[in-house]
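Below you'll find the structure, written out as structure tokens, and then a few comments.
Start at 1 and go down the list; that is how both ligands and their atoms are numbered.
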Amino acid sequence: MPTYIITCKSDATPEQVAAAKQHAKDQGGKITHEYNIIKGFAVEFPADKITTYGRPPLSETALLASANFTLNLLPIRLAHRLQALRNLPFIVVADPNVSRIYGNYLRSLSTLLPWQHRTITTLEEEIEFTSVLAELVSTHQNTIPILAKGFVQCRRYISPEDVTKFLNTHLRARIGTRLIAEQHIALHYSSVPHFDPGASPTPCPEHPSFIGVIDTALSPAAIVDSCAGFVADTCEYQYGVRPKWIVDGEPDTVFTFVPMHLEYIVTELLKNAFRATVESGSNQPIVITIAPEPPGAGPPDLTLDPPAADKGAFRGDAIKPLDDNAPGVTIRIRDRGGGISPDVLPNIFHFSFTTFNDDSIDDVMSKTVSSGGGRAQKDALGIISAASSGASSIAGLGYGLPLSRAYAEYFGGGIAVQSLYGWGTDVYLRLKGVGKIH
Ligand code: ADP
Ligand code: MG
């Protein structure tokens, strides 16, 4: 299993070394060795580890090991999220939406505490633990619109930089925590029926290419097609127009990745491309090009973006590198929707930034917000209430690009946006395959 040796500078103080270790742990890493002379430590990261229990069905021993691994990581990750929420200004935490999320974390942590300092040794315990996990995952399902609403309401009391800083750390940590929990749940369901005939049948059909939530033969073209169909439906509903799309390049490409993550990113990027196409009155199809990368292709060259203000600011959080030799895929989404104007471009990766303002959204707004407020606030709040009423919208939360980038970077990829103002936009989504399948 790959383990990373992290060393600190020779003049690092003990506090700095401790902070580096804490950071590694906060990322879900497990420190396995300490080297005092080089002021370093060895750390295993779960993104590697989640594939090391082997292909399902797992043996009972491997399943218990996975449960214990998950149990080791989750309480500390939840505790860190709680601590970050507590460090927000009091008035922000007091906002009903933010405090609802805080309450969710507190409850989730308290359901795990009885399990702490325990080792899961029997299948009965594992089944009970998995049901606690399933509960936890569903509790945190709807976090994003709620948090978004909370931060829009509090924007008078906290600077946009502080919100961005908090959300970047928080939402990235959340991606990892969910992945760890969902991975064990998936392994459980694809394993238990094989050695425990009395267990309830697996809830989803088994795919031989799946290892938990990871698909070792994921087809980006298939995901693009199904997401584009969904986005086209949304467009038809919202604008009465159904843009066309074309998938070219090498549509037969498959790679190892988490389908849920790819679906999220592709849907968000396609929504932006479809919206621009419709709003600019273009009838040109959106062209999605799938380009596989050979193993060991090296780091992505995404120098076009991010905008200068963001450069390097949030890089520390992704779990990487995984396996530099894992083949990756680049997906280019090209629209002829008029591009992005130079005054908008620097903001597109900021949370809550949107240029979406539909009349129907203003209608929703007039019912939701009685007091004044900027246009952006109105738009964001309007769409949030539309979102929480179950309607799917083409845009408006302003979370699509920053969150997609967080997902892409999680396994070492990235997103670059190249706008040809007056013509159209190219978005390059570079994904690194999840490495090391044992
Ligand atoms: P939202 O879609 O909710 O507005 P996003 O984060 O997805 O939030 O995008 C932020 C903004 O970036 C959009 O409001 C839009 O102005 C701009 N944008 C993103 N993609 C494109 C595109 N393909 N063409 C034109 N503008 C775009
Ligand atoms: Mg969007």
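- Scanning all heavy atoms of the two residues, the minimum distance from Ser219 to Pro251 falls at OG-O, 4.2 Å.
- Using bins of under 30°, 30° to 60° and over 60° for the plane-to-plane angle, the ring pair Trp245/Phe274 lands in the tilted bin.
- Within the structure, ligand 1 has Gly398 among the residues with a heavy atom less than 4.0 angstrom away.
- In summary, the atoms of ligand 1 found under 4.0 Å from a heavy atom of Thr355, numbered by their order in the structure, are 13 (C), 14 (O), 15 (C), 16 (O).
- Separation of the His184 and Tyr189 ring centroids does not fall under the 6.0 Å cut-off.
- Interface atoms of ligand 1 facing Pro402, defined by a heavy-atom separation under 4.0 Å, are 6 (O).
- Atom numbering of ligand 1 starts at 1 in the shown order; those under 4.0 Å from a heavy atom of Leu397 are 3 (O).
- For the Mg ion (ligand 2), the set of nearby N, O or S atoms under 2.8 Å includes one belonging to Asn272.
- With ligand atoms numbered from 1 in the order given, ligand 1 contributes 22 (C), 23 (N), 24 (N) to contacts under 4.0 Å with heavy atoms of Thr425.
- Across Asn272, Val417, Thr355, a single residue satisfies side-chain contact (heavy atoms from CB on, under 4.5 Å) together with Ile348, and that is Val417.
- A donor-acceptor distance shorter than 3.5 angstrom exists from the side chain of Gln183 to the backbone of Val213, with no hydrogens or angles considered.
- Residues Ile415 and Ala408 approach most closely at CG1-CB, 4.0 Å, considering heavy atoms.
- When the heavy atoms of Leu401, Ile394, Thr277 are ranked by distance to atom 5 (P) of ligand 1, first place goes to Leu401.
- If you number the atoms of ligand 1 from 1 as listed, the ones under 4.0 Å from a heavy atom of Asp335 come out as 22 (C), 23 (N).
- The single protein non-hydrogen atom nearest to atom 4 (O) of ligand 1 is Thr354 OG1, 2.5 Å, given as residue, atom name and distance.
- Ligand-side atoms of ligand 1 in range of Gly400: 5 (P), 6 (O), 7 (O), range being under 4.0 angstrom from any heavy atom.
- In summary, the atoms of ligand 1 found under 4.0 Å from a heavy atom of Phe353, numbered by their order in the structure, are 8 (O), 10 (C).
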After noting the C-alpha distance and the side-chain angles of Arg107 and Asn104, does the key distance pass the side chain to side chain donor-acceptor pair (under 3.5 Å) rule? CA-CA 5 Å; Arg107 253 191 316 285; Asn104 285 348; 2.8 Å; yes
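- The proximity of Ala395 to ligand 1, defined as any non-hydrogen pair under 4.0 Å, involves the side chain as well as the backbone.
- Here the heavy atom of the protein found nearest to atom 18 (N) of ligand 1 is Ile340 CD1, 4.0 Å.
- Considering backbone and side-chain N/O of Phe356, none are found under 3.5 Å from N/O of ligand 1.
- If you run side-chain contact (heavy atoms from CB on, under 4.5 Å) between Ile288 and each of Val266, Asp248, Leu270, only Leu270 comes through.
- Listed by number with element, the atoms of ligand 1 under 4.0 Å from a non-hydrogen atom of Gly339 are 25 (C).
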**Request:** Check step by step if side chain to side chain donor-acceptor pair (under 3.5 Å) holds for Arg172 and Asn168.
**Result:** CA-CA 6 Å; Arg172 280 161 201 252; Asn168 256 306; 3.2 Å; yes
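- No N or O atom of Glu268 sits closer than 3.5 Å to an N or O atom of ligand 1.
- Compare Asn272, Asn347, Ile348 by their heavy atoms: the one nearest to atom 19 (C) of ligand 1 is in Asn272.
- Scanning both residues, Val254 and Pro220, for their nearest heavy atoms gives CA-CD, 4.4 Å.
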**Prompt:** Passes side chain to side chain donor-acceptor pair (under 3.5 Å), Gln284 versus Thr277? Steps please.
**Reply:** CA-CA 8 Å; Gln284 298 294 312; Thr277 302; over 6 Å; no
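- Contact annotation: Arg275 has at least one heavy atom less than 4.0 Å from an atom of ligand 1.
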